Asker: 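Right, I'll just put the structure down here and ask away after.
Chain naming here is simple, since letters A, B, ... match the order of the sequence lines and numbering starts at 1 in each. What's counted below: heavy atoms across the whole structure, side chains too, no hydrogens, waters or symmetry copies. None of the values given here were measured: they were computed from a predicted structure.
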Amino acid sequence: MDTATSFALIAPELLLAVSSLLLVLAAAWGGDKAARPVTILAVSALFGAGLLLWPVLHLGKVGPETWAFGDLLRADAFAGFAKALIYLAAIGCLVVTPSWFDRMKAMKPEYPVLVLLATLGMSLMVSASDLLTLYLGLELNSLAAYVLAAYLRNDSKSAEAGLKYFVLGALASGILLYGMSLLYGFTGTTSFAGIREALSGEMSNGMLFGVIFVLAGLAFKIAAVPFHMWTPDVYEGAPTPVTTFFATAPKVAAVALTARVALDAFGGQVDAWRQVVIFAALASIVVGALGAIGQNNLKRLLAYSSINNVGFILIGLAAASVAGASAMFVYLAIYVAMSLGSFVALMMLHDEDGRALETFDDIAGLSTKRPALAWCLLALMFSLAGIPPLLGFWGKFVVFQAAVEANLVALAAIGIAASVIGAFYYIKFIKVMFFDAASPATVADSTRAHWAVLGITTLIVSPLGYFLTRSFGDLGDKAASALFLLP
Amino acid sequence: MSSTQILLIVFLPLLAAIIAGLGNRALGNTAAKSITTGALFASCLMSWPIFLGFLNGSLQETVVPVLKWVESGSLTFDWALRVDTLTAVMLVVITSVSALVHLYSWGYMDEDPDQPRFFAYLSLFTFAMLMLVTADNLVQMFFGWEGVGLASYLLIGFWFRKPSANKAAIKAFVVNRVGDLGFMLGIFGTYLVFQTTSIPDILKMAPGMSGSTIGFLGYRVATMDVLCILLFIGAMGKSAQLGLHTWLPDAMEGPTPVSALIHAATMVTAGVFMVCRLSPMFETAPVALSMVVFVGAATCFFAATIGTTQWDIKRVIAYSTCSQLGYMFFAAGVGAYGAAMFHLFTHAFFKALLFLGAGSVIHAMHHEQDMRYYGGLRKHIPLTFWAMLLGTLAITGLGVYHLKLGFAGFWSKDAIIEVAFARGTDLATFAFWMGVIAALLTSFYSWRLMFLTFWGKPRWIESEHIQHSVHKTPEQAGEDTTGGYHPHESPLPMLIPLGVLSVGAVLAGQVFAPQFLDSAAFWAGSIFYNENLIHRMHAVPYLVKYAAFIVMVLGFLGAWYAYIRNPSIPAKFVEQFRLVHQFVYNKWYFDELYNVLFVKPAFWLGRIFWVKGDKGLIDRFGPDGAAALVVQGAALAKKVQSGYLYSYALIMLLGLVAAITWVLV
């Protein structure tokens, strides 16, 4: 395959790379005044990159024709689906950011550039089909993320969040690299295809170590238990727009990457890692739910909620089937919408002085003060709890269905039972907003950008979202097939 | 008789009940009362032509299909309304009494805040009762059966703020469930044996089944006997027969119009109706019939004895009802189903009259129901007095055989006593004697009621209700035992029903006796008709024919002597026969016996299940335990999330080690 074709395959990444470099220059020249134009341009670049994905998604491309640079990167339907979700999430996060930072006069042009660079890293992650490109993308994303977490560097909580994320991220990175070196040492290759072939026979202990270390490193990125400890602290400490970003786009990238590694590179040895994934799934569901119950801070609560949701996604991975992978992607897409919506709603909760209202006490009786906002949150929370007819139910349904079809009935049953615990704190949200006496805190008006994103995400999770399920499910199936190299 | 007419008769009351019940306060009292009462009078006016049509033989039995109901394998049955002679009799009884009771309630319930609800319940009851009597299959009959049970429960507990009313309602419901269990088993068994629930089909096949046996509780027993006994247990519950009678006296907690409609004229006769409806089936079951005779005769005597000792005017009439139902059952048991239905028919008029009359007395006496505090009311409420007098003459059966002249009760009750004698079996003779003794007691307690209420000196001031009304204590009142209270005659809506029912009580026997008792053509196969038995009934000795009359006079004289001539007698009698009186006065201690046998053990068992089973086991390890576990888990999760980097890193590494260990082992 010639270089030109390879470049054509990575056109979205090229667009993001070039535009982020140009925007760095623009930011350097323009100073803080350039913040808004740079943001708009970054959103445009993401939008353009998204458009470039259309052919891949539409045709459901798969196989060697999508392999770039001698199978270092794959621009197949799977990567396309993940990228589309990532770009959409990133656009959503960027749109709601400026008005939030404006409240503390902290909006700077670096922010969209960092998001753009992180997104480029994610793009590479989901395309990677070689340990080296994997690591490259992962680190590009992570380094941008560490900076983003500490974006409000004068705010001690934000700085603490950045530091914690960095240190623990470095540890996870070390674990991942160690696993990679073991794999390379025992298989003699870094390409996924090669590893898959090398693992197909009897596995040596060294290989097994490698597999587990790599998966552990990735589990840190998706914040699965027991590699989740950073999540509540970072989500709470980071500025809310950053938290929103963390909870959506990188989650998609990390989950997609994990799926590719587990099902492609380690796809021949499902039984070796399935038990670990099942444990991580159940532990995430339970710890996420239990952790959330004790929280009064809403951001922290949503952090645990994201851990909880990752557990459900991992159930789809544990199924290790096309249906399971498809269910994962469908769940992921719905999760992104729910997560984006609820964090945006949190961003909209601030008083006249710009102080954020982010505890249960602050939102007591919200329905009387801001009925529209309260009703949107109600839909989002019921959806997160997985209560029909909201779309969150469908995500859980397909995941459990895949698990049952893969004969993991016990896993599905425990998952369903544990989701009851989760329902407790989602419904507590609703109880506090609708049935408690109103708190004295006043809630200031919100900007149109916030309303727009909240409105769109609420519409998606509402029963109307079921109109999307057909095309969603279709795309999910194509992506899952591509992962298993099925035409 | 068009099918529209039949549908309207049955469904107008339902429609009225729905409108009045859902409209309730929004509709207002007058509208709700007008709609329900209007619907009932319309039903009544449409029913009489049907009855008269059957009477002169111009109508045939008709079945009106309404809806498909159940089709499941070989089990199929539909909603269908069946009208034949038997149903036509019940139609006029139900719609007439119900219409009159609706009208009566305009006056009686005038001050009640919940009138729409009351009238909706009354109409709902009427609909259910009509469904019961028009049922074409056993399941539909059961629907009506349960429907009247529900309406009865709601109406007994109509004044739900009164704890005693709630208790009575629950008691009625629970005791009826016992009977209903028997009825249900009977229906299941019938379906098992006949593979259908259609009543005509069953009756057609029943004679062929006599002599067959079936395994039941480990014994081989006669099929038809088992089925009929089970069905009869249902009838015993609904018709308050000995053993399952305890709910009926307590049911008097309901408003008096309810007692007249449900607990005298219609619902409690459903058991008799059912036995008559299934009479060809019962005729193939000699053991079951013996049981019917025995239970009927025993109830007839037992209830009458209690009636002689009670002080509450409504309870006296309630035991009287129980006793009269006993007559009906043993009439059916000896094979005179026509006589049973005839007594049901006449009894509906005079018993409704007595209840409504009692209601009128209670209304006049400021809700006082204790006869000890009545007395001398004859002059104050003369119209009520005359109505009650006619009712009493009807129930005691005043009439002379040789003149062919008598009140309603004379025709129907004497026929039952004669037919029991004519039957000649040992059990029938036992029933005859029980019937005669009960007739003596009936006369005694009926006249006792009359004398205590309408004759003698006023004793009103002793009543707390009257004291409240006149704001005086007996001491303040002194010599004037009326306490200055002035009973007032009831308003017109209450007097009109009394008048109409009086006519029925006087004439119903005289006019209809030939058809009900002697005409096989009238019944036209809707019940089993034993022509030979009726001939023998007419041929009994004169002494038997006059037996009821003689004891009636004796009862009257006894009551007159004890309550007018020499009022100190009852107290002396009680003194002399303390034990007997205690036994009878306390209703043969049935309630106490059941309390020890069933209620206490049930509570004891329930408490064990509740405290040990539910709270101690299911809640503790189920919901409560899980919730506590979650709370502990949440606390632990919070504790682990310490905020320290090194502990986070440690947990990550421990997790990694654990995963590796798990995979390796």
Side-chain angles (χ1 to χ4, degrees), chain A residues 160 163-168 170-172 175 178-179 203 205 208-209 211-213 215-217 219-220 224-234 236-237 269 271-277 279-280 283 286-295 300 303-304 307 417-418 420-422 424-425, chain B residues 18 22 24-26 70 72 117 160-161 606-665:
Chain A
E160 179 193 334
L163 190 63
K164 273 183 178 167
Y165 194 16
F166 175 67
V167 173
L168 293 173
L171 177 61
I175 294 171
Y178 186 53
M203 274 224 292
N205 276 354
L208 206 54
F209 266 74
V211 167
I212 298 302
F213 270 73
L215 286 178
F220 175 83
V225 175
F227 305 97
H228 68 290
M229 301 299 285
W230 60 277
T231 320
D233 291 15
V234 172
E236 188 193 352
Q269 294 288 353
D271 292 330
W273 51 263
R274 181 181 262 163
Q275 292 300 319
V276 176
V277 170
F279 171 78
V286 171
V287 170
L290 289 179
I293 283 177
Q295 299 309 323
R300 227 176 147 77
Y304 278 108
I307 296 172
V420 174
I421 310 176
F424 173 80
Y425 55 85
Chain B
I18 291 172
L22 296 184
N24 214 325
R25 298 244 158 77
V70 166
S72 168
R117 185 162 65 89
F160 56 81
R161 286 184 187 82
R607 208 165 288 274
I608 285 187
F609 282 143
W610 165 47
V611 175
K612 296 261 167 66
D614 193 37
K615 280 173 86 178
L617 212 67
I618 297 174
D619 273 3
R620 187 166 156 217
F621 296 106
D624 289 356
L629 207 64
V630 167
V631 171
Q632 282 174 7
L636 186 71
K638 218 170 170 174
K639 215 169 170 184
V640 170
Q641 198 74 33
S642 59
Y644 293 117
L645 260 180
Y646 51 82
S647 73
Y648 291 4
L650 179 67
I651 287 173
M652 280 172 67
L653 291 177
L654 283 178
L656 184 65
V657 172
I660 294 276
T661 317
W662 187 349
V663 175
L664 284 182
V665 174

Asker: Might you point out which heavy atoms bring B:Leu656 and A:Phe213 nearest each other, and give the distance in Å?
Answerer: CD2-CE2, 3.5 Å
Asker: Select, from A:Leu171, A:Ile212, A:Val276, A:Val225, the one with the greatest count of heavy-atom pairs under 4.5 Å involving chain B.
Answerer: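 Highest number of pairs under 4.5 Å: A:Ile212.
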Asker: Side chain, backbone, both or neither: which part of A:Leu215 has a heavy atom under 4.5 Å from chain B?
Answerer: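 For A:Leu215, neither part sits under 4.5 Å from chain B.
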Asker: If I measure from the heavy atoms of chain A, does B:Val631 come under 4.5 Å with its side chain, its backbone, both, or neither?
Answerer: neither
Asker: Which heavy-atom pair separates A:Pro232 from A:Met229 by the least distance, and what is that distance?
Answerer: CD-O, 3.5 Å
Asker: Kindly give the heavy-atom pair with the smallest separation between B:Gly655 and A:Pro226, and that separation in Å.
Answerer: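 Closest heavy-atom pair between B:Gly655 and A:Pro226: CA-CG, 3.6 Å.
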Asker: Identify which part of A:Leu168 has an atom lying under 4.5 Å from any heavy atom of chain B, answering side chain, backbone, both or neither.
Answerer: both
Asker: Do you know which two heavy atoms are closest between A:Gly294 and B:Ala634, and how far apart they sit?
Answerer: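 Closest pair (atom of A:Gly294, atom of B:Ala634, distance): N-CB, 4.3 Å.
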Asker: Begin with the C-alpha distance, continue with both residues' side-chain angles, and end with the deciding distance and a verdict on side chain to side chain contact (heavy atoms under 4.5 Å, CB included) for A:Leu208 and B:Ile660.
Answerer: CA-CA 8 Å; A:Leu208 206 54; B:Ile660 294 276; over 6 Å; no
Asker: If I compare all heavy atoms of B:Met652 with all of A:Phe220, which pair ends up nearest, and what's the gap?
Answerer: CE-CD1, 3.6 Å
Asker: Quick check on A:Ala172 against chain B: is it the side chain, the backbone, both or neither that has a heavy atom closer than 4.5 Å?
Answerer: both
Asker: Listing needed: what donor-acceptor pairs below 3.5 Å join chain B with chain A?
Answerer:
{"residue": "B:Lys638", "atom": "NZ", "partner": "A:Gly294", "partner atom": "O", "Å": "3.1"}
{"residue": "B:Gln641", "atom": "OE1", "partner": "A:Tyr304", "partner atom": "OH", "Å": "3.3"}
{"residue": "B:Gln641", "atom": "NE2", "partner": "A:Met229", "partner atom": "O", "Å": "2.7"}
{"residue": "B:Gly643", "atom": "O", "partner": "A:Lys164", "partner atom": "NZ", "Å": "2.9"}
{"residue": "B:Tyr648", "atom": "OH", "partner": "A:Asp233", "partner atom": "OD1", "Å": "3.2"}
{"residue": "B:Tyr648", "atom": "OH", "partner": "A:Asp233", "partner atom": "OD2", "Å": "2.5"}

Asker: Show, in sequence, the C-alpha distance, side-chain angles and deciding distance for A:Phe209 and B:Val663, and conclude whether the side chain to side chain contact (heavy atoms under 4.5 Å, CB included) test is met.
Answerer: CA-CA 9 Å; A:Phe209 266 74; B:Val663 175; over 6 Å; no
Asker: I need the minimum non-hydrogen distance between A:Leu290 and B:Val630, along with the two atoms involved.
Answerer: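 That would be CD2-O, 3.4 Å.
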